[in-house]
Amino acid sequence: MSEFITEDKRTHYCGNIRAGHAGEDVVLMGWVHRRRDLGGLIFIDLRDREGIVQIVLDPEKKPQAHALAHDIRSEFVLAIKGRVNLRPADMINPSLKTGEVEVVIDELEILNESDTPPFVLDGETDVSENLLLKYRYLDLRRKGIQQNIILRSKVTAETRTYLQREGFIDVETPFLTKSTPEGARDYLVPSRVSPGAFYALPQSPQLFKQLLMVSGFDKYYQIVKCFRDEDMRADRQPEFTQIDMEMSFISESDIINTAEGMMAHIFKACLDRDMRVPFPRLTYREAIDRYGRDNPDTRFSLEIEDLTDIAGRSGFRVFSEVVKNGGMVKALLLTDGKTLSRKDLDALGDFVGQYGAKGLAWVRVNKDGWTGSIEKFFDQGNIKSINEKMGAQPGSLLLFVADTKDVVNDALGALRIHLAEKLELIDRETLAFTWITEFPMFEYSKTEERYMATHHPFTSPVTQDIPLLETNPGKVRARAYDLVLNGSEIGGGSIRIHKSDVQSMVFKTLGLGEDEARTKFGFLLDALKYGTPPHGGIAFGLDRMVMIMAGAESIRDVIAFPKTLKATCLLTDAPSKVSAEQLADLSLKTI
RNA sequence: GGGGUCGUAGUUAAGUCGGUUAUAACGCCGGCCUGUCACGCCGGAGGCCGUGGGUUCGAGUCCCAUCGACCCCGCCA
């Protein structure tokens with residue numbers, strides 16, 4: 001029976017003891033981080049979420065406690081009572097926040113023992129992810145990851161503070177909801193009482209938040225789990241969290257202002273960083289032209305230049321043929337090209353191959369012209385024009401990709417990031433927000449042979465483009481905007497369609513027949529007929545936001561209990577087989 | 001669905017051209033040690049080399065398959 005728990009409360013966190021507490025009696029609870037047994041004196045580093053403090057056991061002063069401490073091992077849980085002592089100057093440990101003091105033990109109690117942990121919890125050792133995920137509760141004892149989870153808690157708290165203050169109302173929406181076409185694959189949940197019918201877990205609360213606008217809540221928000229059954233990446237999980245919001249009687253600028261205010265508040269409150277607002281804006285077109293993608297990392301320049309005109313006139317067949325067939329030629333310039341060897345360039349060729357590029361052409365610029373295998377195909381005039389357009393100087397390296405528009409942008413967009421990382425062009429302290437605006441409403445999918453919504457099917461087209469819905473959908477612009485931070489899309493939203501007829505036209509453009517639209521989205525089309533206010537909103541990916549704020553490399557580092565790339569949980573072993581009885585209850589059979 | 005990296009004591013890694021008893025560090029166990037803080041010193045235990053098959057006189061090493069983790073492409077309105 002624990003005397004400390006019943007009679008004494010913990011007085012401090014281990015990590016918070018400071019020189020100012022000297023002379024005080026304290027009660028601490030925590031885990032044994034390390035034990036140093038000198039034969040006589042025993043030192044224990046006691047750890048809790050706030051940090052580590054050194055405990056001293058002297059055999060002459062407290063023989064019983066000292067004897068007990070002899071059997072203590074790593075990760076035992078202790079309660080201790082003792083006095084805070086200032087350490088003599090030569091015994092101060094500057095690497096600990098508590099390094100100026102130590103706690104001299106009066107009483108010691110082992111609250112629980114621990115098996116030897118499967119890995120050392122010091123945060124230094126590299127341990128395989130496999131093991132960390134299996135023993136996640138131990139991994140979460142480590143300082144780095146614990147700090148990430150605590151940061152995440154601050155971010156959600158400050159989000160709520162800001163949005164509540166701005167008059168937003170937190171409304172919960174269903175997790176068991178209706179499967180809808182478009183978008184990602186749904187996670188399905190079978191219904192017991194409706195045999196053969198399924199709920200879907202929401203990919204986002206999109207339609208419910210729009211309905212809340214119809215209901216007149218005016219400003220809604222929610223910090224909410226979303227579910228998408230697609231393949232993982234370093235920054236994707238099957239269940240992830242959105243900061244979701246929606247407002248009525250507003251236009252783009254209202255959403256953007258609110259979002260900027262929220263970001264500035266969160267970054268100030270959680271990281272003490274002052275974010276200058278408004279954030280820079282780029283149109284989708286500009287982003288693709290200059291950075292090759294709609295989530296540009298603007299922490300460094302290294303912009304992509306379009307050389308289609310000049311390259312089309314060159315004697316280099318690879319370029320001129322591509323241009324003749326409607327493709328394009330674009331290039332990147334590295335000022336200090338000498339750092340890349342021939343072998344590096346071959347590797348970069350392989351790299352762009354992943355994006356469908358058939359090769360990476362390159363030349364080195366020197367005082368007299370170019371050197372490189374493709375130099376002979378260019379006359380002095382073309383070389384001069386390209387050098388000028390690129391801003392090339394002696395020592396520069398030019399990297400070209402010639403292909404269809406999409407391949408060129410994909411390949412160079414990715415190469416730009418790859419080179420910036422390889423050549424360390426990125427300042428890790430910078431936080432570069434960028435809005436991307438004027439997205440196309442639709443993209444044509446070759447695999448599906450139809451137009452797909454770039455954003456989602458409830459996004460409002462730009463008003464003057466509405467007539468184009470029937471004549472030229474590819475030209476319709478959407479009233480959509482994404483927020484990009486350091487090359488990561490952390491948020492996206494739009495002004496929604498609030499007229500039933502426009503919504504029907506968009507469904508039609510997407511190839512959704514009237515009957516099908518009725519079956520899948522009838523409730524929305526009905527709602528739009530009952531006085532729907534103009535409205536719009538945005539949703540932020542909380543996990544990605546926190547990931548960047550924490551400087552984490554994987555989304556798993558900011559989620560307490562994440563899943564693997566195969567969407568399994570190594571801790572609980574989910575998903576798992578269920579009994580025949582459970583299946584029978586649900587009228588299900590496995591095949 | 002496609003491409004890639006990795007898998008060897010509890011952990012992290014080494015292991016040459018296929019060759020005798022598979023190394024090291026940390027951790028663990030035991031002993032010594034009263035100012036350590038990644039304590040130190042001495043000693044010890046610990047291996048289905050992911051799994052299954054094949055080639056070979058002989059496989060951690062070569063081949064095939066398979067499982068798992070991670071990274072990328074496709075996919076993610």
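In this text, all values refer to a predicted model and were calculated from it rather than measured experimentally.
- Rounded to a whole angstrom, the distance from the P atom of B/G60 to that of B/U23 is 14 Å.
- Scanning for side-chain contact (heavy atoms from CB on, under 4.5 Å) contacts around A/P238 gives A/Y187, A/M232, A/K563, A/A567, with sequence neighbours left out.
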Donor-acceptor contacts, no H, no angles, side chain residues 412-419 of chain A, under 3.5 Å, sequence neighbours left out:
residue: A/R416; atom: NE; partner: A/S301; partner atom: O; Å: 3.1
residue: A/R416; atom: NE; partner: A/L302; partner atom: O; Å: 2.9
residue: A/R416; atom: NH1; partner: A/D297; partner atom: O; Å: 3.3
residue: A/R416; atom: NH2; partner: A/D297; partner atom: O; Å: 2.9
residue: A/R416; atom: NH2; partner: A/F300; partner atom: O; Å: 2.8
residue: A/R416; atom: NH2; partner: A/S301; partner atom: O; Å: 2.8

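- Going from the P atom of B/U8 to that of B/A14 covers 10 Å, rounded to whole Å.
- Note on A/P118: only backbone sugar-phosphate atoms sit closer than 4.0 angstrom, heavy atoms only; bases stay farther off.
- On the P atoms, B/C39 is 47 Å away from B/C64, given to the nearest whole Å.
- Note on A/T454: only backbone sugar-phosphate atoms sit closer than 4.0 angstrom, heavy atoms only; bases stay farther off.
- With sequence neighbours excluded, the residues satisfying side-chain contact (heavy atoms from CB on, under 4.5 Å) with A/V104 are A/N85.
- A distance of about 24 Å separates the P atoms of B/U55 and B/U16, rounded to the whole Å.
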Nucleotide by nucleotide, 5' to 3', does protein get under 4.0 Å of the base (B), only the sugar-phosphate (S), or neither (-) in nucleotides 25-35 of chain B, counting heavy atoms?
---SSS--BBB
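- Here B/G40 sits opposite B/C32 as a Watson-Crick or G-U wobble pair (both hydrogen-bonding atom distances under 3.5 Å).
- Among residues two or more places apart in sequence or in another chain, the salt bridge (charged side-chain N to carboxylate O under 4.0 Å, His left out) test is passed with A/K225 by A/E239.
- Remark: A/T434 pairs with A/T298 by the side chain to side chain donor-acceptor pair (under 3.5 Å) rule, at least two apart or across chains.
- Scored by the salt bridge (charged side-chain N to carboxylate O under 4.0 Å, His left out) test, A/D48 finds no partners at all (sequence neighbours excluded).
- At the heavy-atom level, A/L131 lies under 4.0 Å from the strands shown only through sugar-phosphate atoms.
- Distance check on atom P: B/A65 versus B/U5 gives 15 Å, rounded to whole Å.
- Remark: the separation of the C1' atoms in B/C41 and B/G52 is 47 Å, to the nearest Å.
- Here the separation of B/G47 from B/A13, taken at their C1' atoms, is 15 Å to the nearest Å.
- Not counting sequence neighbours, the partners of A/H456 by the side-chain contact (heavy atoms from CB on, under 4.5 Å) test are A/Q206, A/F458, A/T459, A/S494, A/R496.
- With both pairing distances under 3.5 Å, B/U56 is matched to nothing as a Watson-Crick or G-U wobble pair.
- Ring orientation note: the planes of A/F119 and A/Y135 are nearly perpendicular, at an angle over 60° on the 30°/60° scale.
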I'd like a list of close polar pairs between nucleotides 68-73 of chain B and the protein, N/O only, cut-off under 3.5 Å.
residue: B/G68; atom: OP1; partner: A/K566; partner atom: NZ; Å: 3.0
residue: B/G68; atom: OP2; partner: A/K566; partner atom: NZ; Å: 3.1
residue: B/G68; atom: O2'; partner: A/N130; partner atom: ND2; Å: 3.4
residue: B/A69; atom: OP1; partner: A/T564; partner atom: OG1; Å: 3.2
residue: B/A69; atom: OP1; partner: A/T568; partner atom: OG1; Å: 3.2
residue: B/A69; atom: O4'; partner: A/N130; partner atom: ND2; Å: 3.2
residue: B/C70; atom: OP1; partner: A/L565; partner atom: N; Å: 3.4
residue: B/C70; atom: OP2; partner: A/L565; partner atom: N; Å: 2.8
residue: B/C70; atom: O3'; partner: A/R556; partner atom: NH2; Å: 3.1
residue: B/C71; atom: OP1; partner: A/R556; partner atom: NH2; Å: 3.1
residue: B/C71; atom: OP2; partner: A/R556; partner atom: NH1; Å: 3.4
residue: B/C72; atom: OP2; partner: A/A234; partner atom: N; Å: 3.3
residue: B/C72; atom: O2'; partner: A/Q354; partner atom: OE1; Å: 2.4
residue: B/C73; atom: OP2; partner: A/R233; partner atom: NE; Å: 2.8
residue: B/C73; atom: OP2; partner: A/R233; partner atom: NH2; Å: 3.4

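- Atom name C1', nucleotides B/G30 and B/A69: the rounded distance is 37 Å, in whole Å.
- Dashed line: the shortest gap from a side-chain N or O of A/R36 to OP1 or OP2 of B/C39 is under 4.0 Å.
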A/E489 and A/R544: CA distance, side-chain angles, deciding distance, salt bridge (Lys or Arg N to Asp or Glu O under 4.0 Å) verdict
CA-CA 8 Å; A/E489 183 204 320; A/R544 282 187 194 174; 5.1 Å; no
